[in-house]
There are 2 protein chains.
Amino acid sequence: MKFIIRNRSIILYGTSLAVLLLTMKWLEWRLVVIDHAFELYAGALALMFTALGIWLSRKLTQPKTNTIIVEKEVVVDTKDFILNEAELARLGLTKREMEVLQAMADGLSNQQIGERLFLSLNTIKTHSSKVFEKLEVQRRTQAVEKARKLKIIP
Amino acid sequence: MKFIIRNRSIILYGTSLAVLLLTMKWLEWRLVVIDHAFELYAGALALMFTALGIWLSRKLTQPKTNTIIVEKEVVVDTKDFILNEAELARLGLTKREMEVLQAMADGLSNQQIGERLFLSLNTIKTHSSKVFEKLEVQRRTQAVEKARKLKIIP
DNA sequence: ATCAAAATCATACTAAAGTATGAGGTTAAT
DNA sequence: ATTAACCTCATACTTTAGTATGATTTTGAT
């Protein structure tokens with residue numbers, strides 16, 4: 001059953017051919033009677049098979065597809081923080097200094113930063129002072145502001 | 001000339017038809033000699049016109065267009081700060097408190113904020129304390145952090 | 001191995017930030 | 001006119017931040 005469904009085009013084509021050949025056979029007899037109708041007969045045949053060809057073509061060939069790609073702009077919320085490595089290099093902030101700066105940006109107190117990084121309060125003070133020097137600021141709030149502007153922290 | 005180019009398919013079809021009819025005429029003569037070749041002749045005719053039909057179909061049908069919409073991510077620098085008025089209302093920050101908060105976010109010291117807003121240092125301290133209360137934080141850095149997260153300052 | 005930069009921590013100090021409380025003055029709504 | 005919220009400022013105090021200086025230790029590069 002599935003075979004029939006799958007190959008129905010081929011079967012149909014075969015059947016059509018058979019039917020047409022029979023028709024031709026009948027017309028063959030007609031030709032004896034009305035002799036000069038041959039051109040009409042041939043024309044009809046041509047038309048029929050042309051139609052069959054067209055139909056076949058449509059059935060059997062998958063349609064041509066012109067794929068039109070339309071680019072739709074999707075606004076992506078710029079979490080896209082691109083670290084400004086040039087600035088970072090220029091400023092010469094060390095790893096630890098960056099960590100302290102980041103913690104400051106998170107709103108932590110020096111005490112809390114010390115706890116986070118397992119360092120003493122004094123060490124944090126030293127580091128933050130260095131950060132301020134390098135960023136040429138006086139306060140942690142300014143440091144965070146500037147660091148954000150320079151894209152060295154998110 | 002343009003007419004020829006535009007309708008070349010039709011012209012070709014017509015020409016093919018003419019050629020085939022001539023072929024048939026020739027074959028008609030052949031039929032007299034080899035009589036039972038008629039089935040072969042018909043079969044050939046059928047095949048030819050089927051092929052013609054297929055060719056015609058392919059030429060004449062315009063291709064289907066599959067429009068594929070590709071979502072392309074476009075990075076838009078979200079300067080687009082949308083003030084979260086809901087949060088602002090919920091927190092109940094006053095005008096002055098907002099001004100102080102903004103100045104804090106700009107990295108100013110309380111002294112500088114006082115100068116900017118023509119207020120005394122003590123007034124700024126009062127305001128900032130209120131801001132901290134309302135934002136439920138202890139330090140200015142945390143206040144700025146939270147305010148930014150809540151989208152009440154850029 | 002040596003040298004410089006980085007990292008750690010301390011002490012001592014100053015400056016700024018933050019808290020608590022109270023007291024007038026202004027303004028807008030009832 | 002009264003009330004409540006807001007704004008202003010002050011004093012007194014505590015806490016945190018920031019500066020200056022110096023010492024010791026790690027670490028990476030020559």
Side-chain angles (χ1 to χ4, degrees), chain A residues 83-150 152-153, chain B residues 83-150 152-153:
Chain A
L83 197 143
N84 189 339
E85 299 190 53
E87 272 304 322
L88 230 176
R90 196 181 64 79
L91 294 168
L93 284 168
T94 68
K95 220 172 303 168
R96 268 306 199 212
E97 286 161 2
M98 277 302 295
E99 288 173 326
V100 171
L101 175 58
Q102 182 58 67
M104 282 185 348
D106 292 343
L108 301 188
S109 68
N110 286 342
Q111 188 65 56
Q112 290 172 314
I113 297 171
E115 283 159 22
R116 180 193 271 192
L117 302 177
F118 305 104
L119 297 175
S120 82
L121 173 60
N122 285 312
T123 306
I124 303 305
K125 285 186 175 183
T126 307
H127 283 315
S128 50
S129 274
K130 279 286 184 73
V131 170
F132 301 154
E133 262 179 52
K134 291 181 179 177
L135 287 178
E136 297 172 292
V137 297
Q138 291 76 235
R139 268 172 296 288
R140 63 216 284 93
T141 43
Q142 290 181 326
V144 171
E145 244 282 294
K146 189 154 189 178
R148 252 188 252 278
K149 256 188 194 149
L150 296 177
I152 59 176
I153 54 165
Chain B
L83 198 143
N84 189 340
E85 299 190 53
E87 271 305 319
L88 231 177
R90 195 180 66 77
L91 294 167
L93 285 168
T94 68
K95 219 172 304 169
R96 270 303 200 214
E97 285 160 2
M98 276 302 294
E99 288 173 327
V100 172
L101 175 59
Q102 181 58 65
M104 282 184 350
D106 292 343
L108 301 189
S109 68
N110 286 342
Q111 188 64 57
Q112 290 172 313
I113 297 170
E115 282 158 22
R116 180 194 271 193
L117 302 176
F118 305 105
L119 297 175
S120 82
L121 173 60
N122 285 312
T123 306
I124 303 305
K125 284 186 177 183
T126 307
H127 283 315
S128 50
S129 274
K130 280 285 183 75
V131 170
F132 300 155
E133 263 180 51
K134 291 181 180 178
L135 287 178
E136 298 171 292
V137 296
Q138 289 79 232
R139 268 171 296 287
R140 64 217 283 98
T141 43
Q142 290 181 326
V144 171
E145 244 283 294
K146 189 156 190 178
R148 251 187 252 277
K149 258 188 193 150
L150 295 178
I152 59 177
I153 55 165

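Residue numbering restarts at 1 for every chain, and letters A, B, ... go by the order of the sequence lines.
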inquiry  = What I want to check is whether the side chains of A/Q112 and B/R139 have a donor and an acceptor closer together than 3.5 Å.
reply    = yes

message = What is the distance, to the nearest angstrom, from the CZ atom on B/R96 to the P atom on C/dG25?
response = 19 Å

task = Please indicate whether B/K130 has more than 12 foreign heavy atoms, meaning atoms of other residues, nucleotides or ligands, lying under 6.0 Å from its NZ.
result = no

message = Regarding A/T123, tell me which of base, sugar-phosphate or nothing describes its non-hydrogen contacts under 4.0 Å with the strands shown.
response = base

Side-chain touch B/M104/A/T141, heavy atoms, less than 4.5 angstrom = no

query = For the helix from C/dA1-D/dT30 to C/dT30-D/dA1, what angle lies between the axis at the first five pairs and the axis at the last five pairs, to 10 degrees?
reply = 50°

ask   = How would you list, by chain and number, every residue that makes a salt bridge (charged side-chain N to carboxylate O under 4.0 Å, His left out) with B/R96, sequence neighbours excluded?
value = B/E99

request  = Can you tell me the distance, in whole Å, between the CG atom of B/L135 and the P atom of C/dA17?
outcome  = 17 Å

ask   = Between B/L117 (CG) and D/dC9 (P), how many Å, whole number?
value = 11 Å

ask   = Are the side chain of A/K146 and the backbone of A/V137 linked by a donor-acceptor contact shorter than 3.5 Å?
value = no

request  = Please examine the side chains of B/T94 and B/K134, heavy atoms only from C-beta on, and report whether any two atoms are closer than 4.5 Å.
outcome  = yes

message = Quick one, B/I124 and B/Q111 - any side-chain contact, counting heavy atoms below 4.5 Å?
response = no

key: Rounded distance in Å - CG (A/L119) to P (C/dA6)   = 17 Å

message = What is the separation between atom CD1 on A/I124 and atom P on C/dC9, rounded to the nearest whole Å?
response = 8 Å

inquiry  = A/F132 and side-chain contact (heavy atoms from CB on, under 4.5 Å): which single residue from A/H127, A/Q138, A/R140, A/E97 fits?
reply    = A/R140

Separation of atom CG in B/L101 from atom P in C/dG18, rounded to whole Å = 12 Å

N/O-N/O pairs, protein side and nucleotides 12-22 of chain D side, under 3.5 Å:
{"residue": "D/dA17", "atom": "OP1", "partner": "A/N110", "partner atom": "N", "Å": "3.4"}
{"residue": "D/dA17", "atom": "OP2", "partner": "A/N110", "partner atom": "N", "Å": "3.0"}
{"residue": "D/dG18", "atom": "OP1", "partner": "A/R140", "partner atom": "N", "Å": "2.6"}
{"residue": "D/dG18", "atom": "OP2", "partner": "A/R140", "partner atom": "NH1", "Å": "2.7"}
{"residue": "D/dG18", "atom": "N7", "partner": "A/K125", "partner atom": "NZ", "Å": "3.4"}
{"residue": "D/dG18", "atom": "O6", "partner": "A/K125", "partner atom": "NZ", "Å": "2.7"}
{"residue": "D/dT19", "atom": "OP2", "partner": "A/S129", "partner atom": "OG", "Å": "3.1"}

query = Can you tell me how far P of C/dA6 sits from CD of A/E99, to the nearest Å?
reply = 15 Å

query = Expressed in angstrom and rounded to an integer, what is the separation of A/L93 atom CG from C/dA6 atom C1'?
reply = 13 Å

message = For a quick test of reading the model: is some side-chain N or O of B/H127 closer than 4.0 Å to OP1 or OP2 of D/dT8?
response = yes

inquiry  = What I'd like to find out is whether the side chain of A/L119 reaches to under 4.5 Å of the side chain of A/T126, using heavy atoms alone.
reply    = no

